[in-house]
Novice: 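Here it is: the structure, laid out below.
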Amino acid sequence: MAYSAVVGFRKVSALGIARVLQADKGSLWRFQLETEFGEVLRLGLLTRNYKKNSGPPKFDFTGTEATSKFDFTDLTCPHTWYPIARKKKRKVILHVGPTNSGKTYSALKHLEKSSSGVYCGPLRLLAWEVAKRLNKANVPCDLITGQEKELKEGATHKAVTVEMADVSSVYDCAIIDEIQMVGCTQRGFAFTRALLGIAADELHLCGDPAVVPLVEDILKVTGDDVEVHTYERLSPLVPLKEPVSSVSSIKTGDCLVTFSRKDIYAYKKIIERAGNHLCSVVYGSLPPETRTAQATRFNDETNDFDVLVASDAIGMGLNLNISRIIFSTLQKFDGTGTRDLTVSEIKQIAGRAGRFQSKFPIGEVTCLRKEDLPLLHASLKSPSPLLERAGLFPTFDLLCRYSLAHPKHGLYQILEHFVENAKLSSNYFISNVEDMMKVAAIVDELPLGLQEKYLFVVSPVDVNDEISGQGLAQFAQNFSKAGVVRLREILAPDRVKVPKTPTELKELESIHKVLDLYVWLSLRLEDSFPDREVATSQKSICNLLIEQFLEGNRLNSSARVSRHLRRQKF
Ligand SMILES: Nc1ncnc2c1ncn2[C@@H]1O[C@H](COP(=O)(O)OP(=O)(O)OP(=O)(O)O)[C@@H](O)[C@H]1O
Ligand SMILES: [Mg+2]
């Protein structure tokens, strides 16, 4: 249904904006319901139950014909959720090629020259790096992540994490980096939202060639122009014929890749005990600030920490001076079972060696075990399998409409309903919301509104980490009881102390996550989480304590790795 004139806007509590397209003389209004970020729920008819000059209108969603006939689970046309982007005919440029081929570099050149723009990256580390780079190039750039809001005077540009991408603003130029992450089971929907929703004249997408047919197909319905630019690796990556079988073969610039935190510390200990090298470490549960500090220390030629032991957390985001990647294994535990690394994971990690214009002009890659070499070589030669579907998740408005029609359902049931019943076109899959449902089960027990529950559900809590999960539960409980959550009641400052054992180190990492969550909540519920400054300073203390710990080498090697290494003569 098309309407020629927009009659007005009405703020509808908890739902966003009802844009009234046509007000009939009778009791029906034709409207378009949008979120505050401009996502359209739908066009529809609503009853109007207010009299002229009697204050703000109240919309009765529950009894209308429009609502009762509405299929909440129909997610087949997600491109219609973004009216501002749909008003543009965007020029979409896909920059695709192997790792280290200059894709992001080229897209950033366009961004730098644009009059206004946004960079959307998968990690805070990447958003930090881009904001730093643009500001250095005299392009004032805000940094906006879930946990940071650093605004620059006169900023025309933004560097954001993809979940923070704003689909209600209009830009000259936008970048979505690592666009192949649309296929990620958990976070893919945020990339899809940015892909469909960012209203930019030029939209640059950087990533793996495996994403091209899917993106082209998704964008067929948007009316955008799509161009594909293909890149070649800027410096060679050489798969070695021999494994690294002895610790004495470890040399400056090596990065040993292993997938458990325990093994990382065990290898660090063994390499350092051999006496020639000190190791920096990078893994997922280290705070991002510590990861950057460790990478900086490894890159810095003036100190002795010249070897890196890392998990696949190095696969994206850090600029590292790695000469050789050594896989300790080509298998990893992914939460449910142990599986082989995928071709794209192997290529992404191996691609960290020999970055263009780094200290090492040629990258090398090998394994600890000879029997892993055939899989490594075959994977590096193969193209990544084509991506078939992109993640999708209902907008908050849809969840809200569903909730209004089913007032007795908790958020857990609402999410379950969407997961089980969502109707999707063949380009999409419904995101994995298992972790969100775990949080929903916690907050459904509390007297909170849907919007508040939703906020906790989409917060960056690691619900599988005991301390982090407990932190969230306490924040939510105190918030529902008192409306204000003081940090001291949750986390006594004396818990933040130098770790002495692996268990204490892990606990400190978890405490950092709780503090990070507090900061995230404080940026959204400022009055209820007033201790942001305390949380930020405690986070810095955590980082310092973890780094201090990593300077030393107090962890005992795990017997399992030691045995493995003895077998390997490593
Ligand atoms: N034309 C260039 N001039 C100078 N430096 C460049 C150029 N192109 C790329 N680089 C540098 O080479 C390195 C790799 O480039 P970039 O990060 O753009 O690669 P990429 O293809 O995006 O890699 P990945 O897939 O790993 O993200 C970066 O340090 C970048 O600054
Ligand atoms: Mg890149």
Side-chain angles (χ1 to χ4, degrees), residues 93-113 117-137 139 159-162 173-184 191 194-195 203-212 215 228-237 253 255 257 282 291-292 295-296 298-300 308 310 312-325 341-365 379-380 383-384 387:
I93 300 146
L94 273 150
H95 302 265
V96 296
T99 54
N100 193 19
S101 56
K103 305 178 294 288
T104 308
Y105 181 92
S106 304
L108 285 171
K109 283 280 164 211
H110 289 273
L111 188 66
E112 257 177 50
K113 277 188 242 142
V118 60
Y119 167 89
C120 311
L123 297 172
R124 284 159 78 184
L125 301 177
L126 284 168
W128 294 350
E129 204 172 283
V130 169
K132 203 163 92 188
R133 178 186 159 146
L134 290 190
N135 283 311
K136 204 169 151 195
V139 179
V160 308
T161 39
V162 69
C173 178
I175 300 177
I176 308 174
D177 208 358
E178 307 291 352
I179 184 67
Q180 72 281 355
M181 282 192 71
V182 284
C184 171
F191 286 80
L195 173 65
L203 175 61
H204 296 264
L205 310 173
C206 309
D208 194 295
V211 80
V212 173
V215 168
V228 181
H229 296 187
T230 309
Y231 293 69
E232 296 299 330
R233 214 182 136 89
L234 293 166
S235 50
L237 180 65
C255 171
V257 177
V282 170
R291 271 185 262 166
T292 308
T296 309
F298 169 68
N299 283 343
D300 178 2
L308 188 63
D312 45 350
I314 55 155
M316 270 188 302
L318 291 165
N319 266 319
L320 296 157
N321 278 327
I322 296 173
S323 78
R324 183 170 61 168
I325 289 280
L341 296 179
T342 62
V343 167
S344 44
E345 282 169 339
I346 291 176
K347 293 203 309 189
Q348 187 82 25
I349 298 167
R352 302 299 112 196
R355 297 291 283 185
F356 182 57
Q357 300 214 323
S358 76
K359 216 163 79 185
F360 301 100
I362 296 178
E364 294 175 329
V365 52
S379 304
L380 292 175
S384 306
L387 257 79

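Each ligand, and each atom within it, is numbered from 1 in the order the structure gives. Residue numbers run from 1 in the order of the sequence given. No hydrogens, no waters, no symmetry mates; every other heavy atom, side chains included, goes into these values.
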Novice: What part of Met316, side chain from CB on, backbone N/CA/C/O, both or neither, has a heavy atom under 4.0 Å from ligand 1?
Specialist: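 Within the 4.0 Å criterion, Met316 makes no contact with ligand 1.
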
Novice: May I ask you to identify, for Arg355, whether its side chain, its backbone, both or neither come under 4.0 Å of ligand 1 on a heavy-atom basis?
Specialist: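 It is the side chain that touches ligand 1; the backbone stays farther off.
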
Novice: Which protein heavy atom lies closest to atom 30 (C) of ligand 1, and at what distance to 0.1 Å?
Specialist: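 For atom 30 (C) of ligand 1, the nearest protein heavy atom is Tyr105 CD1, 3.8 Å.
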
Novice: Looking at atom 14 (C) of ligand 1, what's its closest protein heavy atom, distance included?
Specialist: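 For this ligand atom, the closest protein heavy atom is Asn100 OD1, 3.3 Å.
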
Novice: Quick check: are there more than 12 heavy atoms from other residues, nucleotides or ligands sitting under 6.0 Å from NZ of Lys132?
Specialist: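 It does not: Lys132 NZ has 12 such atoms or fewer within range.
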
Novice: Do Ile325 and Ile314 come within less than 4.5 Å of each other through their side chains, counting heavy atoms only?
Specialist: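 Yes. Closest side-chain heavy atoms under 4.5 Å.
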
Novice: Pairs of nitrogen or oxygen atoms closer than 3.5 Å, one from Leu234 and one from ligand 1: do any exist?
Specialist: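 Between Leu234 and ligand 1 (N or O atoms, distance only) the closest approach is not under 3.5 Å.
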
Novice: Apply side-chain hydrogen bond (donor to acceptor under 3.5 Å, both in side chains) to Arg355 and Ser235, showing your working.
Specialist: CA-CA 7 Å; Arg355 297 291 283 185; Ser235 50; over 6 Å; no

Novice: Would you say the side chain of His204 lies within less than 4.5 Å of the side chain of Leu111, judging by non-hydrogen atoms?
Specialist: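 Leu111 does not reach His204 side chain to side chain.
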
Novice: Which is it for Ser384 and Lys347 under the side chain to side chain contact (heavy atoms under 4.5 Å, CB included) test, yes or no, and what are the steps along the way?
Specialist: CA-CA 8 Å; Ser384 306; Lys347 293 203 309 189; 3.6 Å; yes

Novice: Taking 4.0 angstrom as the limit and counting only heavy atoms of Arg352, give me the atoms of ligand 1 inside it, by number and element.
Specialist: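 The atoms of ligand 1 under 4.0 Å from a heavy atom of Arg352 are 26 (O).
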
Novice: Specify the protein heavy atom at minimum distance from atom 25 (O) of ligand 1: its residue, its atom name, and the distance to 0.1 Å.
Specialist: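 Going by distance alone, atom 25 (O) of ligand 1 is nearest to Lys103 NZ, 2.7 Å.
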
Novice: Give yes if a backbone or side-chain nitrogen or oxygen of Ser106 is under 3.5 Å from a nitrogen or oxygen of ligand 1, and no if not.
Specialist: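 N/O-N/O distance below 3.5 Å does not exist for this pair.
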
Novice: Would you say Leu94 and Val211 make side-chain contact, with heavy atoms under 4.5 Å?
Specialist: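 Sidechains of Val211 and Leu94: in contact.
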
Novice: Quick one: do Val257 and Asp312 satisfy side chain to side chain contact (heavy atoms under 4.5 Å, CB included)? Show the steps, please.
Specialist: CA-CA 7 Å; Val257 177; Asp312 45 350; 5.6 Å; no

Novice: Does only the side chain of Asp177 get under 4.0 Å from ligand 1, or the backbone, or both, or neither? Count heavy atoms.
Specialist: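 None of Asp177 does.
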
Novice: How far is atom 22 (O) of ligand 1 from the closest protein heavy atom, and which atom is that?
Specialist: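 Closest protein heavy atom to atom 22 (O) of ligand 1: Thr104 OG1, 2.8 Å.
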
Novice: Starting from atom 11 (C) of ligand 1, locate the nearest protein heavy atom and write down its residue, its atom name and how far away it is, to 0.1 Å.
Specialist: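 Minimum-distance protein heavy atom for atom 11 (C) of ligand 1 reads Phe356 CD2, 3.8 Å.
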
Novice: Short list, please: which atoms of ligand 1 are under 4.0 Å from a heavy atom of Ser101?
Specialist: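 In order of numbering, the contacting atoms are 19 (O), 20 (P), 21 (O).
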
Novice: When you compare ligand 1 with Thr99, is there at least one nitrogen or oxygen pair between them that comes in under 3.5 angstrom?
Specialist: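 No; every N/O pair is 3.5 Å or more apart.
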
Novice: Can you confirm whether the side chains of Asn319 and Ser358 place a donor and an acceptor under 3.5 Å from each other?
Specialist: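 No, no side-chain donor-acceptor pair sits under 3.5 Å.
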
Novice: Look only at the side chain of Asn100 and the backbone of Gly354, and say whether a donor-acceptor pair between them is shorter than 3.5 Å.
Specialist: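 It does hold such a pair.
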
Novice: For atom 19 (O) of ligand 1, what is the closest protein heavy atom, and at what distance to 0.1 Å?
Specialist: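 In this structure, atom 19 (O) of ligand 1 has Gly102 N, 3.1 Å as its nearest protein heavy atom.
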
Novice: Give the residue, atom name and distance (to 0.1 Å) of the protein heavy atom nearest atom 5 (N) of ligand 1.
Specialist: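 Going by distance alone, atom 5 (N) of ligand 1 is nearest to Gln357 OE1, 3.3 Å.
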
Novice: Quick one, Pro122 and Met316 - any side-chain contact, counting heavy atoms below 4.5 Å?
Specialist: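 Side chain of Pro122 against side chain of Met316, heavy atoms only: contact under 4.5 Å found.
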
Novice: Considering the heavy atoms of Glu178, write down every atom of ligand 1 situated less than 4.0 Å from one of them.
Specialist: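 Listed by number with element, the hits are 27 (O).
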
Novice: Do the non-hydrogen side-chain atoms of Thr292 and Trp128 ever get within less than 4.5 Å of each other?
Specialist: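 Touching, per the 4.5 Å side-chain cut-off.
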
Novice: Got an N, O or S from Met316 under 2.8 Å of the Mg ion (ligand 2)?
Specialist: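 Here the distance criterion (N, O or S atom, under 2.8 Å) is not met by Met316, so no.
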
